[in-house]
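Each ligand, and each atom within it, is numbered from 1 in the order the structure gives.
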Amino acid sequence: MCYVTGAIMNEKNNGVPIVQLDNLEVDFYKRKGILTNPQRLNVLHKIDFTIDRGEIVVVVGESGSGKTTMANVISGQIKKTDGSYKFNGHEITSMTKEQISEYRSSIQMIQQDSYAALNPMRTMIKSLGDPMLIKKIANKSNLLEKVSKVLETVELTPTDHFINKYSHQLSGGQRQRILIARALAMNPQLILADEPVSMIDVSLRVSILNLLARLNQERGIAILYITHDLATARYVGRNGRIAVMYLGQIVETGNVQEVLANPKHPYLQALLSAVPIPDPRLSRSRKKAIIMETDLPSLSNMPSGCRYHTRCLYCKEICKSEQPQTRQYGASMVACHLVEELPKFELYDKIAENQ
Ligand code: SF4
């Protein structure tokens, strides 16, 4: 098994990743009628993936590619069907009570919809404070101080202004910061951020992304950032790794800057070529976008061989019958039979110097 792993290691942990998935499979079952047998849907397939201490990993792909399912497996909300999932080196299905308790606090999730994620009947001190009391991170005498501290960390100041507010009294950006504060209150090793800025104003997005990057740099908290938006993926993951998912599989991984500057897998090339460019000069010089003519295939009618072959410009016979193995090509790990033969991908024609 081959991984591209992050650089920051924890000496106490001898470089053991926080999360290690090996050959992981997840199946869902769908029943069409009461008398029919349920149909197996293979939503994650042969996932080999690690998250090291203090690193940022971005996961990109269309809706239905399996990114959120993978995050839900990592957070423990969905159980794997097969393969291995280790948290801090311990197989998830055979951990002790103490290890399970540490696992639950150490991995925190920031949801996309902050309105749905917060209980509208609770003030912020209740929303943030109750988990701290339950986990014995705070007691009744120091609760206010601890909650204020965590609000300061997410830049919600003056803290008295927010402590007794209900979620409907806050803006979308402020609610998103409350979700980050709630995650931070548990002293996590890893934050799973699932499209955390997709429902807030564009003008506020950068400040939330910068907050996540600051928590990563200053506190060494690992971040798994899930998005379909390559622009925010590039911004958040500028010092990290990227994993590109397609129909339940990771098709390309590597350093974010290198992978996005020199994409190898035809799916990532198509995604990049479809991103709108606001600069008219660059837009004019862009090569023709690679259009994926068909929609994402259904999980209930999974293509044989390479799962991308029904949409791939370069598909050959082997692609229809054999699944490609993930292998190193340049600086990336790529799952494509023909990666060595594909034409070099260039997003732009050369821009004339006097243009
Ligand atoms: Fe395209 Fe074949 Fe590569 Fe799949 S294996 S991405 S179909 S060229």
Nearest atoms (heavy-atom pairs only) where Ser304 meets His309: O-ND1, 3.0 Å
Tell me the nearest of Pro266, Pro303, Cys306, Gly305 to atom 4 (Fe) of ligand 1, using heavy-atom distances. Cys306
Run down the list Leu338, Leu268, Leu313, Ile318 and name the one with the heavy atom closest to atom 8 (S) of ligand 1. Leu338
Is Lys320 near ligand 1, meaning one of its heavy atoms is under 4.0 Å from it? no
Is it true that, when you exclude Lys79 itself, more than 12 heavy atoms of the residues, nucleotides or ligands shown sit nearer than 6.0 Å to its NZ? no
Would one find an N, O or S atom of His337, in either backbone or side chain, under 2.8 Å from atom 3 (Fe) of ligand 1? no
Closest protein heavy atom to atom 2 (Fe) of ligand 1, given as residue, atom name and distance to 0.1 Å: Cys319 SG, 2.3 Å
Lys320 and Glu317: salt bridge (Lys or Arg N to Asp or Glu O under 4.0 Å), yes or no, with the steps? CA-CA 5 Å; Lys320 296 178 188 169; Glu317 276 314 304; 3.4 Å; yes
Check the orientation of Tyr267 and His265. Use parallel for under 30°, tilted for 30 to 60°, and perpendicular for over 60°. perpendicular
Should the pair Tyr308 and Tyr246 be assigned to parallel (<30°), tilted (30 to 60°) or perpendicular (>60°) ring geometry? perpendicular
Enumerate the atoms of ligand 1 whose separation from the nearest heavy atom of His309 is less than 4.0 angstrom. 7 (S)
Considering only heavy atoms of Cys312, which atoms of ligand 1 have at least one such atom less than 4.0 Å away? 1 (Fe), 6 (S), 7 (S), 8 (S)
Taking Arg219 for the side chain and Asn216 for the main chain, is one N or O donor matched with an acceptor at less than 3.5 Å? no
Less than 6.0 Å separating the ring centroids of His90 and Tyr103? no
Side chain, backbone, both or neither: which applies to His265 and ligand 1 if a contact is any heavy-atom pair less than 4.0 Å apart? side chain
Check whether any N, O or S atom of Cys336, backbone or side chain, sits closer than 2.8 Å to atom 2 (Fe) of ligand 1. no
